[in-house]
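Fair warning: this is a prediction, and the values are worked out from it, not measured in the lab. Order of the sequence lines fixes the chain letters, A, B, ..., with proteins taken first and strands second; residue numbering starts at 1 for each chain.
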Amino acid sequence: MPSDHARMPATASVEDGSFGAWDLDIPDQLKESVTRHGETLLRLLLSLRAIGTDEEKIEQALSAVIDSYKSELLATTRALREQNHR
Amino acid sequence: LQTKLTDEAGRLAAVRRYELLDTGPEAQFEKITGLVKAVLGVPMAAVTLVDRDRVWFKSAQGLNLQEAARDSSFCTYTVRTNQPLLIPDMALDERFAANPFVVQPPFIRSYIGVPLHTPDGYNLGSLCAFDLQPRSFTENQIRLMTSFADLVVDEAELRLIAKSDFLTGALARRAFIEAMKQAWSRFQDSAEPAALLFFDIDHFKQINDSFGHAAGDRALVAVADCVTAAIGSGGLLGRLGGEEFGILLKTTAEPAEATAARLNRAIAEQPVPALDGRPVTVSIGVAALSPNVTSVEAWLARADAAMYMAKQAGRNCWRSAD
């Protein structure tokens with residue numbers, strides 16, 4: 001497999017800041033995308049508060065966009081696994 | 001990033017890479033435009049992609065529109081900068097006062113559009129909201145729209161990653177075959193031409209044996225980069241497995257053969273640092289769609305057979321199935 005991808009060592013753990021002991025190459029693109037998305041969600045939350053949206057609606061909005069991203073993330077990791085096993 | 005604003009060819013290539021043009025509404029984007037409508041209190045919101053001559057509405061809520069001419073679109077202006085575009089009153093803006101969407105139904109009077117800015121710096125289109133009344137947008141509303149626009153790009157980006165080969169950035173096999181199926185369907189429906197270039201790197205096993213697999217990977221990346229630069233926005237590159245690649249072109253056989261000849265030269269002239277500066281070569285099979293090609297599998301098989309002919313002819317050349 002490509003050497004510049006982040007294959008996590010079998011002994012890695014969440015505590016040491018890595019993604020753990022999963023046998024999956026995580027491309028940098030995906031790690032960067034997930035990081036960016038976390039930042040986007042935070043900005044969205046703060047923006048919704050700033051325009052005076054009530055907490056219940058903020059929660060609904062965040063749930064909707066998180067669910068949506070979750071589906072894409074699952075599809076991406078499935079594709080990733082296919083490539084790893086090819 | 002400013003230079004990307006003037007790189008229209010690169011921007012169009014990015015728009016095509018995301019493969020959202022000519023695709024219908026999808027829940028991910030509908031949710032976002034629905035939220036924009038609700039929180040900004042506007043009657044219309046859209047996710048648009050600015051193509052060469054048109055604007056494609058990937059999501060349109062409150063608007064019964066799938067595409068519009070680029071020169072009549074507000075989003076055309078939005079993608080020219082990296083800032084949100086605000087038009088508080090169309091009637092007072094000489095750029096838009098006579099716009100057909102302003103003077104005819106739906107009689108749009110105000111607009112906010114935020115560029116859909118990719119991580120590599122291109123503006124694909126915009127997330128926009130329209131109102132039928134003149135209105136202004138507060139700083140906080142603009143920030144909110146920017147966050148929603150980033151969400152659109154996050155979703156599109158993740159989908160692109162799923163379709164990509166992680167080493168070379170080319171389309172992964174499944175996504176490439178899907179693109180071939182769409183091209184084949186378009187040929188069946190409207191005789192839209194398409195050609196497949198199927199190629200592999202000559203003596204790739206020897207490269208791996210002599211220089212190691214890491215160097216082999218670098219050679220694959222070098223070839224993919226060279227091809228991507230050579231075909232620009234005019235084609236799709238896919239990695240079909242190992243050292244095998246496909247290129248899908250919207251052309252007939254003759255231009256596809258010219259492209260194959262050009263690629264042979266470009267790749268053979270490009271030194272690969274990981275191979276001590278030696279270039280690699282490729283053998284290419286060309287197969288254009290014709291009524292004789294009865295399936296995608298048959299199309300791929302024709303290109304594969306033509307590539308085999310190129311191998312037999314001594315490699316570093318192309319052969320056509322036609």
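Across A:Glu39, A:Arg36, A:Arg78, the residue that shares the most heavy-atom pairs under 4.5 angstrom with chain B is A:Arg36. The most heavy-atom pairs under 4.5 Å with chain A, out of B:Met145, B:Glu157, B:Arg159, B:Arg143, come from B:Arg159. Per-residue counts of heavy-atom pairs under 4.5 Å with chain A were compared for B:Glu139, B:Lys163, B:Glu155, B:Lys31; the largest is that of B:Glu155. The residue among A:Thr53, A:Leu73, A:Leu42 with the most heavy atom pairs within less than 4.5 Å of chain B is A:Leu73.
Side-chain atoms of B:Leu127 and B:Thr33, non-hydrogen and from C-beta on, do get closer than 4.5 Å to each other.
Both the backbone and the side chain of B:Leu151 come within less than 4.5 Å of a heavy atom in chain A. For A:Leu41, the part lying under 4.5 angstrom from a heavy atom of chain B is the side chain only.
Geometric assessment of B:Lys58 against the ring of B:Phe29 yields a negative cation-pi assignment under the 6.0 Å and 45° thresholds.
Relative orientation of the B:Phe245 and B:Phe199 rings is parallel, given thresholds of 30° and 60° on the angle between their planes.
Checking B:Tyr111 against B:Thr78 by side-chain atom types alone, a donor-acceptor pair falls below 3.5 Å.
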Given salt bridge (charged side-chain N to carboxylate O under 4.0 Å, His left out), test B:Lys4 with B:Asp7 step by step and report yes or no. CA-CA 5 Å; B:Lys4 298 283 177 80; B:Asp7 177 12; over 6 Å; no
